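Throughout, protein chains are lettered first and strands after them, A, B, ... in sequence-line order, and every chain is numbered starting at 1. Values in this document were obtained by computation on a predicted structure and should not be read as measured data.
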Protein chains: 2
Amino acid sequence: MRTVDPARHARKRAGILQAAAAEFAAHGVDGTSTAAICRRAGIGSGTLFHYFATKRDIFHALFADDVPRHAAACDRALAAERPDDGLDGLVDHLLADLPDPLVPGLAAAAFLQANRDEEFAGMIVADDARIRATLVTLAERLADAGRPLAFPPARVAGWIQRMVDASYLSAGEDGFDAAEQAAELRRIIDWLVGRSPAPARAEGHT
Amino acid sequence: MRTVDPARHARKRAGILQAAAAEFAAHGVDGTSTAAICRRAGIGSGTLFHYFATKRDIFHALFADDVPRHAAACDRALAAERPDDGLDGLVDHLLADLPDPLVPGLAAAAFLQANRDEEFAGMIVADDARIRATLVTLAERLADAGRPLAFPPARVAGWIQRMVDASYLSAGEDGFDAAEQAAELRRIIDWLVGRSPAPARAEGHT
DNA sequence: CCATTAATAGAGTGCGTGCTCTACTATTGG
DNA sequence: CCAATAGTAGAGCACGCACTCTATTAATGG
C-alpha cells in the first residue's frame, strides 16, 4: 500500500490554483486554456487533470475555498456585542483582498460564469445572499437602536455590498491605494448608517 | 453601377449588433461563438462577415458607438452655467442605460477584453478618462465655489464613477428598481459634494 | 526491497471554432 | 432590361481546444 500525503497534495493543488487564478483573472474562463495554466504552473496536462477533473472545477475551487471564510466572518459579525463593531469587522473582512490585483479580473470572470454555469451561480448567489442578510440584520439592529440610517436597512446593506464591489473594480487602476480606498469607503458607510465619522480609526490591518 | 443604401445597411448592422450584444453579455467575448450570433440574428455566417471583419470588430463596434455620445455629454456638462447642473446632467446621462439588462454582462465582458486587446483597452480607457476628467473639473468648480466636498475633487470624481459602475453591477438582481437606485445614488452624490439635503443628522463634517 | 499506487509527462484525439470561399439572389443606375 | 455589385447562405478548412491514454518515475507500507 501507499497512502497519499495530504500536505504534499494540498501544496501542489494550491500552486495550480494560484497559476489558474492569474490566468482566469487576465483572460476569463473561456479565454484561458488549460495549456496556459499548465505552462504557468510548470506542469504537464496529465498532472493538471490528476488534480482537477475539468477546467470548470478549477474555477469552482477558486471560489469554493472562500465560502466558509465568508460564513465565519458573518457569524462573527452577528455575534458581536455592538452592531457597529460587527459591521466594521465584516467590512474589514470584505475589503481584506483589496490589495490583491487579481480580484477584479476574477470577479468579472465569475460574473460571466454565473450566466452559463448553474452550479457556480448557485454557489455565488448563496454566498452573496448570506453576506447581504448579515448586513441587513446589522443595519436593522442599528435602526432599532435609534440610529438614523440614510436608507431603509435593506437598501443600506445593498449599497455597502455594491460599494465593496465597486472598490474591487477600481483596484488595479493607476495610482490605486487600497488603504485610502478602504478609509473612504468606511467614511461613506459611516454616513449611510448615520454614524459621525470616528476620527482617524486604526487602519493598520495588513 | 449600384450604390449601397446606407439606411438599409445601417439597419442590418444594428440588428446584428443587437444580437451580438445579447450573446456577449451572457457569455463574454470568448464564450460567444460567431455561429451563436448568426443564429440569434437569423443570418448566415457569410452575412455576418460581410458586415464585420472579425468577431473582435463586432465587440468593438458595440462600444465605439457610445464614445461620441459620452463626449457630447461631457461637453454639455462643462458648458453648463452652474456646476451643479452640469454634474446632475452628466450623472443622468451615465445612468441612462440602467434599465438595460444587458449592460452588466457587457461591462464584465469589456473588463476582461481590455486585458487582452490593446486597441479595445485604449478606447475604453480614453472614454473613462474623459468622463473622469469632466467629473474632476466639475468637483473643482464646486470646491472653488466654497462647497465642502467629502473628499478631494479627484476622489469625489472617482467615487461617483465607481458608484455608477456599482449600480450597473447590481442591475438585473431580483427586485432591482432603476429609478430607486438612481434616486439613492443622487442622494449619496449630494453628500459627496456637500450639497444640502442631508438626512436628519448633525451636519458638521469638520 | 518489493508491491502498490500516487504523481507526472506528453503525445494523441475528436470536436468546435473563427473565418474563407464559392455560388446564388436582390437591387440599383443607365 | 441589362450589367454590375451589394447582400446572403452555407459548406468547408485549418487550427486550437479540453481532455484521454499510455508510459514512466517517485514514494510509501509491510
Side-chain angles (χ1 to χ4, degrees), chain A residues 1-24 26-62 109 112-113 115-117 119-120, chain B residues 1-62 109 112-113 115-120:
Chain A
M1 263 296 282
R2 182 203 160 190
T3 55
V4 61
D5 177 354
R8 178 193 169 91
H9 187 92
R11 220 177 318 123
K12 192 86 187 186
R13 194 185 120 107
I16 295 174
L17 283 180
Q18 190 176 354
E23 292 295 329
F24 284 140
H27 310 118
V29 176
D30 292 299
T32 295
S33 69
T34 55
I37 298 174
C38 292
R39 225 175 301 126
R40 186 182 279 260
I43 60 176
S45 64
T47 305
L48 181 68
F49 288 101
H50 177 73
Y51 285 87
F52 298 95
T54 65
K55 184 169 80 164
R56 217 185 65 146
D57 280 352
I58 304 175
F59 193 71
H60 285 202
L62 236 34
L112 287 170
Q113 185 68 9
N115 283 323
R116 16 186 16 212
D117 178 344
E119 188 186 341
F120 182 75
Chain B
M1 261 297 282
R2 181 202 161 188
T3 57
V4 61
D5 176 356
R8 178 195 169 88
H9 188 92
R11 220 178 317 123
K12 193 85 186 187
R13 194 185 121 109
I16 295 174
L17 283 179
Q18 191 177 352
E23 292 295 329
F24 285 140
H27 309 119
V29 177
D30 293 300
T32 295
S33 68
T34 55
I37 298 174
C38 292
R39 223 175 301 126
R40 187 182 278 258
I43 60 174
S45 64
T47 306
L48 180 69
F49 287 101
H50 177 73
Y51 285 87
F52 298 95
T54 64
K55 184 169 81 164
R56 216 186 64 146
D57 280 351
I58 304 175
F59 193 70
H60 285 203
L62 237 33
L112 288 170
Q113 186 68 9
N115 283 324
R116 12 185 20 210
D117 178 343
E118 220 158 313
E119 189 186 341
F120 182 74

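- Among the protein residues, B/Gly31 comes within range of no part of the nucleic acid, since none of its heavy atoms lies under 4.0 Å from any strand.
- One N or O donor and one acceptor, one from the side chain of A/Ser45 and one from the base of C/dA11, sit under 3.5 Å apart.
- Straight-line distance from the NZ atom of B/Lys12 to the C1' atom of C/dT27: 14 Å, rounded to whole Å.
- The separation between B/Arg39 atom CZ and C/dG18 atom C1' is 14 Å, rounded to whole Å.
- Taking atom CZ on B/Arg11 and atom C1' on C/dA26, their separation rounds to 14 Å, with Å as the unit.
- At whole-Å resolution of the value, CZ in A/Phe49 and P in C/dG12 are 18 Å apart.
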For a side chain to side chain contact (heavy atoms under 4.5 Å, CB included) check, start with the C-alpha distance between B/Ile58 and B/Phe24, then their side-chain angles and the critical distance, and finish with the verdict. CA-CA 10 Å; B/Ile58 304 175; B/Phe24 285 140; 4.1 Å; yes
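- Interatomic distance, OG1 of B/Thr34 versus CD of B/Glu23, reported as 11.0 Å (0.5 Å rounding).
- In terms of position on DNA chain D, the residue among B/Arg8 and B/Gly46 whose nearest nucleotide sits closer to the 5' end is B/Arg8.
- In this entry the distance linking NE2 of A/His50 with P of D/dT25 reads 18 Å, nearest Å.
- At whole-Å resolution of the value, CZ in B/Arg13 and C1' in D/dA6 are 16 Å apart.
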Dump the intermediate steps for side chain to side chain contact (heavy atoms under 4.5 Å, CB included) on A/Ile43 and A/Lys12, then the final yes or no. CA-CA 10 Å; A/Ile43 60 176; A/Lys12 192 86 187 186; 3.9 Å; yes
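- Map B/Gly42 and A/Thr34 each onto its nearest nucleotide of DNA chain D; the residue landing nearer the 5' end is B/Gly42.
- The separation between B/Tyr51 atom OH and D/dT8 atom C1' is 9 Å, rounded to whole Å.
- In this model, the phosphate group of C/dA6 is not approached by any side-chain N or O of A/His9 to a distance below 4.0 Å at OP1 or OP2.
- Taking 4.0 angstrom as the limit, A/Thr47 places a side-chain polar atom (N or O) nearer than this to OP1 or OP2 of C/dA9.
- The aromatic rings of B/Phe59 and B/Phe120 lie tilted to each other, with the angle between the two planes from 30° to 60°.
- Listed here is the closest heavy atom pair of A/Arg40 and A/Ala19: CD-O, 3.4 Å.
- Of the two residues contacting DNA chain C, namely B/Arg56 and A/Ile43, the nearest-nucleotide position lying further toward the 5' end is that of A/Ile43.
- If you measure from atom CG of A/Asp5 to atom P of D/dT28, you get 6 Å, rounded to the nearest angstrom.
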